[in-house]
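Below is one structure, written out as structure tokens; comments come after it.
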Amino acid sequence: MPELPEVETVANGVHARIHGQTIRSVWTSNKPQTFKSPPDEIIEALTGSRIERVHRVGKTIVVDLSRKDLSRKKKPAQFLVHLGMTGRLVICEPAAEIAKHTHLIAKLASGRELRFIDPRMFGKLSVHLHPGGFDPGGVEPLEVSEERFVALFRGRKTPIKSALLNQKLLRGVGNIYADESLFRAGIRPGRRAAAITREQLGKLHRAVQEVLREAIALGGSSINDYVDADGEEGFFQLQHRVYGREGEPCLLCETAIRRVVLAGRSSHYCANCQK
DNA sequence: AGGTTGACCTGGACGC
DNA sequence: TGCGTCCAGGTCAACC
């Protein structure tokens with residue numbers, strides 16, 4: 001479900017509520033698809049650790065942990081949460097009803113609980129124990145310079161839409177924001193990356209950053225069941241210009257928005273405004 | 001090697 | 001009310 005702006009919203013919300021707290025105990029479901037690290041390893045790393053910081057790397061939520069009791073000599077670890085399509089990370093009172101498809105509950109020193117819920121089980125939980133910190137590859141779209149951004153696509157024969165979704169190039173852009181960025185840049189999703197001019201790529205760089213920044217400011221896009229750590233919906237879906245608007249008039253020229261399938265994903269564009 | 005496709009899952013919306 | 005079909009914001013293995 002979530003792309004960079006939604007993951008950032010959730011990570012910031014969770015950080016504000018639970019950073020500095022110690023995890024007293026952890027329960028996990030026994031659904032193997034959800035756990036990229038063995039559940040025992042996750043329980044071991046989390047229990048007794050303090051939550052130093054919750055932040056975002058690409059589409060992954062990273063929870064930096066440290067041991068409160070250094071006597072146990074355990075290495076600091078990072079707890080990684082990937083929300084997949086339908087994953088949710090919520091903070092609630094222990095009395096709150098346990099939702100169907102709950103896969104992890106961490107009891108905190110404050111008495112509240114951090115819970116991970118994921119019906120489709122495309123989300124993944126793991127621990128990262130190596131020094132240097134979690135690095136999935138790719139560059140952060142909000143930090144990358146125009147020059148490096150342009151270089152990412154040089155010589156690539158794949159459609160620009162597929163390249164934008166490739167997390168080893170840019171990390172964090174997903175289907176909605178790829179379509180919205182391409183619309184703002186005036187580039188059709190099916191154009192070969194290598195065939196796009198340097199000037200247009202510069203425009204795309206600005207469009208990607210603009211779209212992501214606007215979406216973060218509005219708390220992300222709520223489609224179906226996405227909500228942030230407070231249960232609040234985002235509002236960026238009201239700003240979508242092409243995503244989910246097949247057959248509706250382009251907001252600039254009134255041409256009907258088209259939908260095609262690229263890299264197995266729905267891709268929306270205006271045939272008149274995007275070349 | 002780079003690029004594309006299906007599989008992984010559940011559930012909601014829609015048509016009959 | 002129910003059943004079948006299609007669709008979904010992500011990723012990865014397997015294939016060309």
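These numbers come from the heavy atoms of this one structure, side chains and all, not from hydrogens, waters or symmetry mates. Throughout, a chain's letter reflects where its sequence line sits, starting with A, and its residues are numbered from 1.
Here C/dG10 presents its P atom at 13 Å from CG of A/Leu170, a figure rounded to the nearest Å. Whole-Å rounding puts the A/Arg88 CZ to B/dG11 P distance at 13 Å. Taking atom CZ of residue A/Arg259 and atom P of nucleotide C/dC6, one finds them 12 Å apart after rounding to whole Å. Rounded to an integer number of Å, the gap from A/Phe153 CZ to B/dG2 P is 16 Å. Between A/Ile176 atom CD1 and C/dC7 atom P there is a gap of 17 Å when expressed in whole angstrom units. Atom CG of A/Asp179 and atom C1' of C/dA8 are 14 Å apart (whole Å). One atom, CD of A/Glu246, and another, P of C/dC7, lie 10 Å apart when rounded to the nearest Å.
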field: Verdict with reasoning, A/Lys107 to A/Ser25, per side-chain hydrogen bond (donor to acceptor under 3.5 Å, both in side chains)
entry: CA-CA 5 Å; A/Lys107 287 186 176 293; A/Ser25 63; 5.8 Å; no
- request: Could you check A/Thr22 against A/Arg50 for side-chain hydrogen bond (donor to acceptor under 3.5 Å, both in side chains), going step by step and ending with a plain yes or no?
  value: CA-CA 4 Å; A/Thr22 300; A/Arg50 193 171 69 177; 5.7 Å; no
query: Can you list the steps and then say if A/Ser266 with A/Arg259 is a side-chain hydrogen bond (donor to acceptor under 3.5 Å, both in side chains)?
result: CA-CA 6 Å; A/Ser266 279; A/Arg259 183 175 80 96; 2.4 Å; yes
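With respect to the salt-bridge test (charged N to carboxylate O, under 4.0 angstrom), the residues A/Glu8 and A/Arg213 do not qualify. Under a 4.0 Å N-O distance rule, the pair A/Arg265/A/Asp179 does not qualify as a salt bridge.
Residue-level contact check: A/Lys31 touches neither bases nor backbone, having no heavy atom under 4.0 Å from any strand.
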Atom pairs, protein N/O to nucleotides 11-15 of chain C N/O, distance under 3.5 Å:
{"from": "C/dT11", "atom 1": "OP1", "to": "A/His82", "atom 2": "NE2", "distance (Å)": "2.6"}
{"from": "C/dT11", "atom 1": "OP2", "to": "A/Lys59", "atom 2": "NZ", "distance (Å)": "2.8"}

For nucleotides 4-8 of chain B, which of its nitrogen or oxygen atoms have a protein nitrogen or oxygen under 3.5 Å away, and what is each distance?
{"from": "B/dT4", "atom 1": "OP2", "to": "A/Thr158", "atom 2": "OG1", "distance (Å)": "2.5"}

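Ring-plane geometry between A/His103 and A/Phe116 is classed as tilted, the angle between the planes lying from 30 to 60 degrees on a 0 to 90 degree scale.
Remark: A/His101 pairs with no residue by the ring pair (Phe, Tyr, Trp, His ring centres under 6.0 Å) rule, at least two apart or across chains. Residues meeting the ring pair (Phe, Tyr, Trp, His ring centres under 6.0 Å) test with A/Tyr269, sequence neighbours left out: none. Remark: A/Arg191 engages no residue in a salt bridge (Lys or Arg N to Asp or Glu O under 4.0 Å) (not counting sequence neighbours).
For A/Ser266 and C/dA8, the shortest distance from a side-chain N or O to OP1 or OP2 is below 4.0 Å. At the phosphate of B/dG11, OP1 or OP2 sits under 4.0 Å from a side-chain N or O atom of A/His101.
Counting only heavy atoms from C-beta outward, the side chains of A/Ile42 and A/Leu104 approach each other to under 4.5 Å.
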task: Determine which bases of DNA chain B form Watson-Crick or G-U wobble pairs with both distances under 3.5 Å, and write the result as a 5' to 3' dot-bracket string with | for other-strand partners.
output: .|||||||.|||||||
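Using atom P as the reference point in both B/dA1 and C/dT11, the two lie 24 Å apart (nearest Å).
Evaluated for a salt bridge (charged side-chain N to carboxylate O under 4.0 Å, His left out) with A/Glu210, the options A/Arg184, A/Lys203, A/Arg241 yield exactly one hit, A/Arg184.
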